[in-house]
Structures are given as C-alpha cells and as structure tokens.
Student: 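Quick one: the structure is below, and I'll ask about it shortly.
Quantities reported herein were computed from a predicted structural model and do not represent experimental measurements.
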Amino acid sequence: MPATILLIDDHAMFREGLFLALREAEPTMTVATARNGAEALEALATLPRLDAVMTDYYLPDLGGAALLAELHRRRGGLRILVLSASEDPQDIDTALDAGAQGFVHKSADSQQLMDALRRVMAGEQNVVQASPAGGASLPVLSTPTDVLSTLTARQAEVLQLLCEGLRNAEIALRLATSEKTIKAHISAIFGALGVTSRTQAVIAARRAGMLGRPR
C-alpha cells in the first residue's frame with residue numbers, strides 16, 4: 001500500500017520544494033502538509049493512515065519536543081523524522097529523547113533525505129544525518145526561567161518580538177522607541193544568552209519556553 005506522509009514546515013518555499021522532491025522520488029506516496037504545529041494536529045485527525053511525519057524542529061507555535069510528545073500522544077507508535085537547520089548537537093539528542101526516530105539537517109540532499117525517511121519507516125532508530133560542518137552548541141538553559149532571569153523586562157519584550165519574526169524597525173515601532181535603542185537591546189540579549197545571531201537567540205528562547213506567536 002502506498003505510504004502516507006505528513007510534512008510540517010513553516011517556510012513555504014522549503015515545504016513546497018520538499019513536497020515535490022518526495023513525490024518525484026516516490027510517485028505513489030501521499031504527502032499531506034502543514035505550516036505549523038496546530039495545523040499538523042488538525043491534519044493528524046483527518047488522516048486515518050499515517051506512515052511517518054517529517055517535521056521542522058522549531059516552529060512558530062508548537063514545536064520541538066512538545067510537538068513530538070503531542071504527536072505521539074495522539075497517535076501512538078508514529079514514526080517521526082525531524083528536519084532542522086540547527087547546528088546544535090543538543091537538539092539532536094533532545095529530539096531523539098522526545099520520540100523522534102531520526103534527525104536530518106536541512107543541508108542534506110534529496111537522496112540522503114529519502115534514505116533517512118525509508119530507514120525510519122522501516123523501523124530503524126537514531127537515524128541521524130547531521131550538518132557536514134558541525135557547529136557549536138548553544139547555551140544549555142537548565143530551566144525555562146534561565147532566559148528571563150538574565151534579561152531586563154524590556155529586553156525580554158524585545159526577545160519575544162524577535163521570536164515573532166519582527167524586524168528591528170517593526171520592534172521599535174511596536175515599543176515606541178528608536179531602532180538604535182533596539183539594536184542596543186539586541187546586543188545585550190546576545191551577550192546574556194551567549195549567542196551571536198538572531199537565529200541563535202530565537203532558538204535559545206524557544207528552547208527555554210519563550211515561544212513566539214504564529215506569524
């Protein structure tokens with residue numbers, strides 16, 4: 001019987017490209033798609049048969065280990081392959097501990113991705129295709145309050161808006177201040193979290209429980 005896959009990713013170009021790649025590699029495969037965790041859970045209820053889920057790890061609403069746990073709660077025994085641009089080895093360990101059977105970096109080519117998917121669907125565990133370049137781990141935040149406790153109230157507001165995907169000018173407008181002030185807050189946030197980019201700051205914040213609202 002042809003396989004049915006649920007593909008979850010909030011970036012339309014990546015999601016649509018992967019959809020086409022999957023259908024080209026396996027023309028008989030049914031591929032359902034979702035833009036975020038909420039849509040994924042809605043789709044799950046409409047799919048009586050589901051062989052595997054391929055999901056981005058960090059989504060704008062419900063993502064990471066929380067999404068994996070909820071998918072397993074609603075559909076026991078589900079096979080899950082995580083796709084992520086994260087360079088952090090800790091994310092691989094956390095995803096596998098949360099119930100994923102595999103973890104593939106988004107730099108993988110279509111052949112590597114299909115190989116990982118087939119292995120996960122065949123019942124293999126701990127199927128990992130990490131980033132070829134590797135990468136430094138982000139700071140380990142032991143509790144959800146670690147991020148908040150190192151920031152001022154205004155810095156926490158700025159970080160929340162970063163998680164929502166807002167640009168500096170939009171954050172300045174939202175908080176009725178200048179872009180220069182926002183840049184200063186972002187520099188302070190980077191220093192407090194021990195990160196060097198907006199992406200790393202958002203990942204660290206989401207890992208600590210500061211999820212941005214859906215974009």
Side-chain angles (χ1 to χ4, degrees), residues 7-20 33-43 54-67 82-91 94-95 104-108 131 133-215:
L7 171 62
I8 313 166
D9 198 285
D10 61 323
H11 292 96
M13 186 175 295
F14 182 85
R15 185 178 64 250
E16 291 165 6
L18 186 52
F19 174 88
L20 294 174
T33 62
R35 296 176 297 176
N36 51 48
E39 281 193 5
L41 297 179
E42 290 176 3
M54 300 177 67
T55 180
D56 193 358
Y57 194 58
Y58 288 105
L59 295 167
D61 57 347
L62 176 65
L67 175 60
V82 169
L83 309 175
S84 180
S86 172
E87 302 278 354
D88 188 357
Q90 183 183 340
D91 283 341
T94 302
V104 175
H105 193 268
K106 285 187 173 180
S107 63
S131 166
S137 296
L138 294 175
V140 177
L141 305 171
S142 59
T143 71
T145 60
D146 280 351
V147 168
L148 297 179
S149 67
T150 60
L151 304 176
T152 66
R154 179 46 62 96
Q155 289 167 358
E157 286 183 288
V158 171
L159 181 55
Q160 174 65 54
L161 295 174
L162 284 179
C163 289
E164 294 179 26
L166 271 65
R167 295 170 295 182
N168 289 0
E170 295 171 319
I171 296 174
L173 182 63
R174 180 79 66 88
L175 299 181
T177 188
S178 68
E179 283 191 62
K180 183 177 180 180
T181 298
I182 296 303
K183 289 179 181 178
H185 283 314
I186 291 174
S187 294
I189 290 168
F190 285 3
L193 300 184
V195 300
T196 59
S197 72
R198 294 167 72 98
T199 298
Q200 288 183 341
V202 169
I203 291 174
R206 288 177 176 174
R207 179 183 296 150
M210 186 184 285
L211 292 174
R213 292 185 291 274
R215 294 190 293 270

Student: Grab the two heavy atoms, one from V82 and one from A95, that are nearest each other, plus how far apart they are.
Tutor: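 So the two residues come closest at CG2-CB, 4.2 Å.
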Student: Any side-chain heavy atom of D56 within less than 4.5 Å of one from F14?
Tutor: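 No. Closest side-chain heavy atoms not under 4.5 Å.
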Student: For the CD atom of E170 and the CG atom of L175, what is their distance to the nearest 0.5 Å?
Tutor: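 That separation rounds to 11.5 Å.
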Student: Sub-3.5 Å donor-acceptor pair from the side chain of D61 to the main-chain atoms of G37, do we have one?
Tutor: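 At least one qualifying donor-acceptor pair exists.
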Student: Could you list the donor-acceptor pairs under 3.5 angstrom formed between side-chain atoms of residues 176-193 and any protein atom two or more places apart in sequence or on another chain?
Tutor:
residue : atom : partner : partner atom : Å
S178    : OG   : T181    : N            : 3.1
S178    : OG   : T181    : OG1          : 2.9
S187    : OG   : K183    : O            : 3.1

Student: Rounded to the nearest 0.5 Å, what separation is found between the CD atom of Q160 and the CZ atom of R174?
Tutor: 9.5 Å
Student: Keeping E39 on the side-chain end and R35 on the backbone end, is there a donor-acceptor pair under 3.5 Å?
Tutor: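 Between the backbone of R35 and the side chain of E39 there is a qualifying donor-acceptor contact (under 3.5 Å).
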Student: Over all heavy atoms of both residues, which pair between A65 and Y57 is shortest? Give the atoms and the distance, please.
Tutor: N-OH, 3.5 Å
Student: Under the salt bridge (charged side-chain N to carboxylate O under 4.0 Å, His left out) test, which residues partner E16, sequence neighbours left out?
Tutor: none
Student: Measuring from D9:CG to T55:OG1, what's the distance to the nearest 0.5 Å?
Tutor: 7.5 Å
Student: How many angstroms lie between atom CG of L18 and atom OG1 of T33, to the nearest 0.5 angstrom?
Tutor: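 Reported to 0.5 Å precision, the distance equals 10.5 Å.
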Student: Counting heavy atoms not belonging to R15, are there more than 12 under 6.0 Å from its CZ?
Tutor: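 Counting neighbours around CZ of R15, more than 12 heavy atoms of other residues, nucleotides or ligands fall under 6.0 Å, so yes.
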